[in-house]
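To start, the structure itself, in structure tokens.
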Amino acid sequence: TEKLTLMEGVFTCDDAQEILSNMFHSKINYHKLKNWSSNERFGTDDEIALHRIPLLKLELQKLQAILSEAKSSNKKLIVSSEISITVAEE
């Protein structure tokens with residue numbers, strides 16, 4: 001397993017919102033495109049994509065609540081994100 005640091009630091013609410021919202025929107029758009037591609041090529045939905053989209057939207061709502069609370073308190077945010085990658089044995 002390899003670990004990669006994606007984010008590490010203290011961010012203003014505006015910076016955190018821009019970075020994190022873009023990441024979530026990118027993932028949502030990825031799954032929307034994946035589902036569209038599956039429909040175009042095979043005439044069927046991509047079940048994994050359809051499952052992930054609402055979950056990601058819920059996480060985005062949680063993020064907005066955290067950002068709103070921090071902003072109303074005039075606080076900065078400590079954000080850290082690590083990605084773990086393991087090669088799957090099939």
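Throughout, residue positions are numbered sequentially from 1 according to the sequence presented. Only this structure's heavy atoms are used, side chains among them; waters, hydrogens and symmetry mates stay out.
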Nearest heavy-atom contact between A49 and H31 is CB-O, 3.3 Å
Test of understanding: with side chain to side chain contact (heavy atoms under 4.5 Å, CB included), list the residues that count as partners of L33, not counting sequence neighbours. W36
Please indicate whether L50 has more than 12 foreign heavy atoms, meaning atoms of other residues, nucleotides or ligands, lying under 6.0 Å from its CG. yes
Could you tabulate the donor-acceptor pairs under 3.5 Å formed by side-chain atoms of residues 72-87, not counting sequence neighbours?
residue: S72; atom: OG; partner: S68; partner atom: O; Å: 3.3
residue: S72; atom: OG; partner: E69; partner atom: O; Å: 2.9
residue: S73; atom: OG; partner: E69; partner atom: O; Å: 3.1
residue: S84; atom: OG; partner: K3; partner atom: NZ; Å: 3.2
residue: T86; atom: OG1; partner: T1; partner atom: OG1; Å: 2.6

How far does OG1 of T44 sit from CG of N35, to the nearest 0.5 angstrom? 8.5 Å
Give every donor-acceptor pair under 3.5 Å between a side-chain atom in residues 6-21 and any protein atom, sequence neighbours left out.
residue: T12; atom: OG1; partner: D15; partner atom: N; Å: 3.1
residue: T12; atom: OG1; partner: D15; partner atom: OD2; Å: 3.4
residue: D14; atom: OD1; partner: K71; partner atom: NZ; Å: 2.8
residue: S21; atom: OG; partner: Q17; partner atom: O; Å: 2.9
residue: S21; atom: OG; partner: Q64; partner atom: NE2; Å: 3.3

Kindly compute the distance separating CZ (F24) from CG (L58), expressed to the nearest 0.5 Å. 10.5 Å
State, with a plain yes or no, whether a side-chain heavy atom of D45 is found less than 4.5 Å away from one of S38. no
CG of L60 to NZ of K27: how many Å apart, nearest 0.5 Å? 13.5 Å
Heavy atoms from other residues, nucleotides or ligands near CD of E2 exceed 12 (cutoff 6.0 Å): no
